[in-house]
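For reference, the structure is listed below as structure tokens.
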Amino acid sequence: MYNLIKDTLISQVVTLWQVMMHMFVKADTVEYPEEMPYMFPRWRGRIILSRDPDGEERCVACNLCAVACPVDCIALQKTEDEEGRWYPEFFRINFSRCIMCGFCEEACPTNAIQLTPDFEMAEYVRQDMVWEKEDLLISGTGKYHDYNFYRVAGKKIGGKDKGEALNEAVPVNVRSLLP
Amino acid sequence: MAKIVIDGVTYDVNPDNNLLQECLSQGLDLPYFCWHPCMGSVGACRQCAVKQYRDADDKEGMLVMACMTPASEGSIISIEDEQAKSLRASVIESLMISHPHDCPVCEEGGECHLQDMTLMSGHNYRRYDKKKVTHNNQYLGPFINHEMNRCITCYRCVRYYDDYAGGTDLSAQASHHHVYFGRHEEGVLESEFSGNLVEVCPTGVFTDKAFSEHYTRKWDLQTAPSICTGCSVGCNITPGERYGTLRRVVNRYNSEVNGYFLCDRGRFGFEYVNNTDRLRDAVKQGGGSSEKLSTEQVATVIDEFKSASTIGFGSPRASNESNFALRCLVGEENFYAGYSDSEHEATQLIVQLAKDKAFNSPSIREIEKADAILILGEDVTNVAPRIALALRQSVRNKARELASASRIPQWQDAAVRELAQHERSPLSILSTYVSRLDDVASDKVIDTLPNLASMAFALANAISDKSPNSTSPADEYKGVIAKIAEQLQKAKRPLIIAGSTSGNLDLIKAAANIARGLNQQRSEPIDLCLLVPEVNSIGMGLLVNADNSLQAGLARLDGGSATRAIVLENDLFRRAPKTVVDNALTKAEKVLVLDQFSTATSDKADYLFPATAFSEHEATYINYEGRAQLSFQVHQCATGAMPSWRWFGEATDIESLINRCTNEAQGFDKLARLLPDKGSFIAGMKIPRQSHRYSGRTAMRANLSVHEPKQPQDDESVMSFSMEGISSQKDASLMASAWAPRWNSNQSISKFQDEVNGELKQAHPGSLLIERDIETSSYFEPSSNAESSENGLHVSLAYQIFGSDELSARSSSIQQRMTDPYIGLSPDDAEAKGFKHGDSVSLGATDSTAIVCIRTSIKPGSVVIYCGNSEINAAELPSQIEISLNEQAEVLRGIKGLIVSDLLEEEY
Amino acid sequence: MTFEVGSGLSIGAILVTVIIVAAMLIWVERRLLSLWQERLGPNRVGYFGLLQVVADMIKIFTKEDWIPPFADKFSFVLAPGIIMGVILLSFSVIPFAPGVGVVDSNIGVLFILAMASLGAYSVMLGGLSSNNKYALLGALRATAQMISYEVFMGISMLGVVALTGSFNLREIVLAQSDGWYVIPQFVGFVIFLIAGIAESHRLPFDIPEAEQEICSGYHTEYSGMKFGMFFVGEYLGLVLIASLITVLFFGGWLGPAFLPPIVWFSIKVFGFIAFFILLRAAVPRPRYDQLMSYGWLFLLPVSLINLLVTGAIILSIQ
């Protein structure tokens with residue numbers, strides 16, 4: 001009986017009291033847009049493409065963001081420069097479809113695609129919600145300052161020959177008899 | 001059948017196979033690298049370790065490599081055993097030690113056997129933090145990219161390239177962890193089958209260069225089962241499309257036809273589909289201007305052509321449906337052949353022989369079983385390349401025989417090769433120039449075509465004296481003839497290969513005589529493989545009447561008894577002398593040409609309608625053996641092009657046209673069997689052409705309009721242009737692409753086979769159209785030899801895998817391997833006339849030029865002429881020719897890229 | 001024109017006030033909820049967002065008045081009218097203050113119960129006529145819930161009636177001048193409170209329109225002003241229940257003389273309204289079966305015992 005009263009009555013009364021006490025707590029929300037809220041760095045807002053510390057495009061057009069995207073709003077095409085570096089020929093995000101889930105960022109092996117704390121993306125014309133690479137590409141490294149995929153990968157690109165990546169020995173001379 | 005126990009479950013298996021193959025046949029997942037269903041086991045990668053127990057009481061067991069252990073009766077093994085699992089995990093960890101961090105920039109990523117196996121073995125974190133071994137890459141030509149860092153030394157590439165495909169310029173170099181797979185120096189991979197390295201390599205060492213230029217992940221490709229249109233073999237392929245362009249072609253397994261491999265023409269010759277110079281709109285042309293036609297105007301044009309004075313020219317490179325629709329439009333008596341007259345004669349003979357009960361048209365799987373082969377005048381490697389690859393397997397039947405005599409299992413690849421050394425089944429080649437199969441040939445005879453024919457008749461006479469003899473061959477050949485006759489008679493399964501491309505009818509007749517002679521000595525039909533050059537030569541040959549040759553049709557136009565002509569997907573200037581075609585087309589009142597590209601013929605047309613390419617329509621084709629196969633539409637055509645049959649307005653959908661063709665055309669009564677049974681689909685749902693991971697649907701077209709259109713509908717086909725429907729693994733004949741859970745690479749094909757190397761589950765390997773109902777014992781008489789004049793060189797034609805096919809020659813990567821037309825001369829003749837290698841010469845009365853190529857193997861007094869991509873009109877070449885130096889001729893590509901084994905290169 | 005019970009002025013003032021109060025409750029509820037949930041709430045339209053209700057009205061009046069083609073038109077249109085009608089009629093017997101009221105009925109309590117029963121028709125007809133599975137489910141739940149809780153509501157009121165010896169609400173108020181009935185009838189008060197919330201299907205007993213389960217229950221298909229009538233009807237019900245609690249257990253307009261009686265009445269009513277909104281902010285919704293078994297297995301015996309004990313005490317005192 002005591003438990004019944006405690007569970008049904010007392011606990012409800014305590015709840016009511018505690019909720020009522022919130023009257024004297026300062027509101028968490030602010031009067032946007034007069035006052036801008038603080039956006040946390042890991043907020044999942046506008047998507048950007050970042051550059052590596054050397055200022056080159058980070059995106060290698062691997063298509064993993066596109067396949068991870070649950071609403072299929074990313075389309076891109078791989079191309080490559082004369083030295084073998086992969087990059088997207090075009091990279092398109094249809095933000096009118098994007099649900100800001102952040103799967104693309106999770107999938108990205110090169111930290112190229114990142115979600116930023118910018119949420120003010122409304123447009124009057126729907127077509128303006130379609131963003132191309134020129135619109136997405138920023139000039140900085142975004143959240144991850146040091147990572148450069150090609151310094152780790154074994155593929156040879158301009159300015160980095162075989163054997164010059166992280167933890168790589170110089171290329172084997174197959175004509176050599178030395179072990 | 002033997003009973004074995006795998007993880008406590010009893011399975012019925014074939015004791016002649018190894019455990020790995022049988023585990024895969026049973027649908028179990030067991031990782032492997034070095035084993036390949038076509039290449040047997042060598043036990044190099046140690047990845048397929050399983051625990052084997054002596055008997056039911058044995059609790060310890062021992063680790064064995066499944067690929068090196070026979071699936072013998074009563075075996076008890078465990079795949080799931082902890083020890084076996086941990087061994088497999090550590091093996092792959094060590095294989096991965098130097099594997100680069102490349103997956104995002106690797107063309108294999110997403111369909112990588114190494115990725116699959118790494119995941120399956122449970123290795124998912126790199127512990128090794130020391131230096132990785134690296135390698136420099138090589139330039140390997142326009143087809144293949146080399147990225148040696150990714151190698152895991154499974155040796156599959158050299159086992160395929162050297163052992164299976166007979167290549168000589170790819171080898172394993174250095175030792176231990178420095179092992180390197182490449183050429184002795186940078187350069188083009190010489191084998192015509194190098195493209196298969198892309199699929200054989202379990203990771204991304206060898207990748208498709210042409211595909212990489214417009215790379216798309218496997219899951220993003222829109223794919224459908226299709227048929228290669230490069231030659232008459234009709235290999236099964238899976239083309240993939242993205243953003244409206246065709247991206248690549250990969251092999252599609254067919255147990256009877258191509259198995260696991262394609263030739264490079266088939267794999268890289270598709271790019272013409274994307275060319276910007278494709279015809280786009282139906283136009284009316286004349287007086288140097290062209291005017292676009294509306295749909296109504298097109299209908300009036302077609303009505304205009306519906307008269308008795310209209311004749312139609314078919315095409316050996318167009319589908320059965322388009323040829324048949326044209327025949328319906330103009331009437332059977334007005335439907336003329338679309339290939340040269342000599343080919344018409346040869347094809348009619350081949351069709352007649354295909355009805356003869358004494359012979360069998362062997363599929364590629366049957367060719368691989370032959371143990372004595374005779375090739376009469378055909379350059380198989382350049383005319384029907386996939387058959388050349390099969391012949392390299394059939395000469396190994398001797399080795400297999402020796403192995404079974406020594407009780408070595410067939411799958412013990414290294415042991416079988418070691419035992420056989422250079423023992424091969426006999427392969428005899430009678431040819432006008434040395435072919436790419438010479439390294440495995442037991443006997444080769446190089447002479448002029450008439451001499452070869454008389455030799456072949458003598459051979460037939462040696463086998464059966466009922467066969468008529470012709471002018472007796474030279475004495476030096478007597479020994480060879482007797483030897484070949486004996487080999488063929490002793491063989492269990494002899495195979496005779498001839499065909500229409502040699503241009504000599506006698507060789508086909510002699511081949512038939514030889515086969516008939518052999519047939520009369522044994523009960524079963526003899527394999528007689530008669531090659532034709534183009535994808536649907538047989539199909540058009542079945543539709544056209546024997547009297548309706550090309551020149552007969554042209555003569556009707558010239559004579560005025562026909563006033564209008566329709567030319568279907570054909571360039572008649574390749575098929576008949578220029579003046580004849582010119583006169584006929586000029587005399588015709590109206591000419592309608594349907595084609596993919598503008599050609600010399602289309603320039604003469606009053607109306608020019610664009611036709612779709614092979615990947616843009618559903619169609620059936622008939623290959624050299626009379627096997628009809630259905631090719632599905634892969635993607636839609638963005639321009640105004642339509643399948644040719646649709647322009648004619650004879651049918652509204654492909655299915656009714658196929659049914660009509662089945663009912664009306666003689667010899668096509670089994671064609672409708674190719675149509676998929678709609679009742680077998682779940683709830684009538686279609687098969688999606690797009691994979692379940694297809695990405696970018698809401699962004700691909702967003703740059704044009706953010707408002708998404710409805711998914712394109714395909715009302716005619718059982719496949720859909722979207723992800724909608726059931727991707728049916730059950731009905732594997734409609735497998736848009738091979739994929740199974742945990743198997744993203746092409747190795748997933750074993751999940752679709754009823755057993756490894758078996759038929760695809762519920763597959764349709766095609767339907768053999770031609771009924772064998774003629775029983776005869778009469779032999780062919782040799783045709784009387786034309787008097788050969790003293791002066792002038794005997795002409796025979798040469799072919800090139802890259803260039804001889806009209807459409808694939810328009811592909812950019814194929815063009816990089818093409819050469820200019822050349823004339824092959826023996827060193828003696830060249831010296832006598834004072835020609836040097838690389839000189840340009842005029843060819844007799846024709847106004848064409850060719851480059852001199854001095855080849856040691858050519859018989860003095862004869863020349864071989866490679867016509868290039870119709871730069872030389874083969875129909876104009878006389879049987880004997882005078883040549884003279886031409887100083888003004890311009891050289892486009894030269895003949896530097898020419899890969900023939902007897903090339904004599906001097907100061908060029 | 002004088003200001004007395006039943007006078008035109010009185011009736012008009014009550015009607016206007018009640019409807020305006022009910023409408024303003026939309027804003028009050030949203031502001032109070034945001035206060036308790038540490039938000040700001042509607043504060044853009046007018047001072048403190050006071051004109052929010054005007055904005056809402058403009059919106060709701062200008063919306064398309066949509067009748068689904070599959071609905072039964074007559075009862076679909078009738079249903080929201082019923083709920084507005086019966087609840088406004090219920091107000092006629094409420095004694096707001098001396099001289100302020102519509103009628104001074106001697107069967108006031110019974111009239112209220114009768115009107116509450118009629119209210120069940122509104123939701124039942126609304127749900128049935130919508131021809132929609134969610135609406136039907138909501139109507140079924142609402143009907144069962146209203147019929148059940150009416151029983152306990154009636155029984156819990158009988159204690160007060162017995163103490164007063166009259167069904168006349170004005171007499172019940174006057175009888176409390178010595179002490180509010182909440183003290184002798186505390187159990188009755190609690191049961192009436194719970195049953196009252198259930199009758200007006202306010203949270204936590206908004207099971208008939210539980211958005212998360214059945215969309216919007218019986219008014220899923222309603223839009224525009226017909227939806228507005230359901231909506232305002234709900235707030236009117238809220239005011240009615242608060243008024244009844246004030247009248248039956250908290251002495252109606254009675255209070256120290258430094259404020260006029262109508263002000264005392266309003267303060268008490270608003271206190272209870274605020275309490276109802278607090279319930280919405282704090283208490284989660286029970287399951288439907290829990291609600292029914294709670295009513296029949298707990299509230300019914302307790303309310304009967306309360307009535308018996310009250311009766312016994314009254315008899316023993318006499």
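Quick caveat, the model's predicted, so the values are computed rather than measured. Letters A, B, ... mirror the listed sequences (proteins, then strands); counts begin at 1.
For B:Leu704 against A:Gln127, the heavy-atom pair with the smallest separation is O-OE1, 4.2 Å. Residues A:Val170 and B:Thr134 approach most closely at C-OG1, 3.4 Å, considering heavy atoms. When every heavy atom of A:Ala153 is checked against every heavy atom of B:Asp102, the shortest pair comes out as CB-OD1, 3.5 Å. When all heavy atoms are compared, the tightest approach of A:Cys62 to B:Pro104 is CB-O, 3.2 Å. For the pair B:Thr698 and A:Val71, the tightest heavy-atom approach, listed with the atom from each and the gap, is OG1-O, 2.9 Å.
A donor-acceptor pair under 3.5 Å links the side-chain atoms of A:Lys162 to the main chain of B:His135, judged by distance alone. No donor-acceptor distance shorter than 3.5 angstrom exists from the side chain of A:Asn94 to the backbone of B:Ala702, with no hydrogens or angles considered. Using a distance-only test at 3.5 Å, with no hydrogens or angles considered, a donor-acceptor pair links the side chain of B:Tyr243 to the main chain of A:Leu76.
At least one side-chain heavy atom of A:Phe149 sits less than 4.5 Å from a side-chain heavy atom of B:Val105. The shortest distance between side-chain heavy atoms of B:Trp219 and A:Val67 falls below 4.5 Å. B:Asn149 places a side-chain heavy atom less than 4.5 Å from the side chain of A:Glu168. A heavy-atom distance below 4.5 Å is not found between the side chains of A:Arg92 and B:Arg701. Taking 4.5 Å as the limit, some side-chain heavy atom of A:Glu80 sits within range of a side-chain heavy atom of B:Ser212. Taking 4.5 Å as the limit, some side-chain heavy atom of A:Arg175 sits within range of a side-chain heavy atom of B:Gln173. Using a 4.5 Å cut-off on side-chain heavy atoms (C-beta onward), A:Gln77 and B:Thr216 make contact.
For B:Asn137, the parts lying near chain A are the backbone and the side chain together; criterion is any non-hydrogen pair under 4.5 Å. The parts of B:His214 that come within reach of chain A are both its backbone and its side chain, each placing non-hydrogen atoms under 4.5 angstrom from that chain. Heavy atoms closer than 4.5 Å to chain A are found in the backbone of B:Cys106, but not in its side chain.
Note: B:Ala174 leads B:Pro100, B:Gly109, B:Ala174 in heavy-atom pairs under 4.5 Å with chain A.
Between atom NE2 of residue B:His178 and atom CG of residue A:Asn173 there is a gap of 9.5 Å, rounded to the nearest 0.5 Å. Separating the CD atom in B:Glu147 from the NZ atom in A:Lys155 is a distance of 5.0 Å, to the nearest 0.5 Å. Note that CE of B:Met700 is 10.0 Å distant from CG of A:Asp72, once rounded to the nearest 0.5 Å. One distance of note links CZ of B:Arg126 with CG of A:Asn167; it measures 8.5 Å at 0.5 Å rounding.
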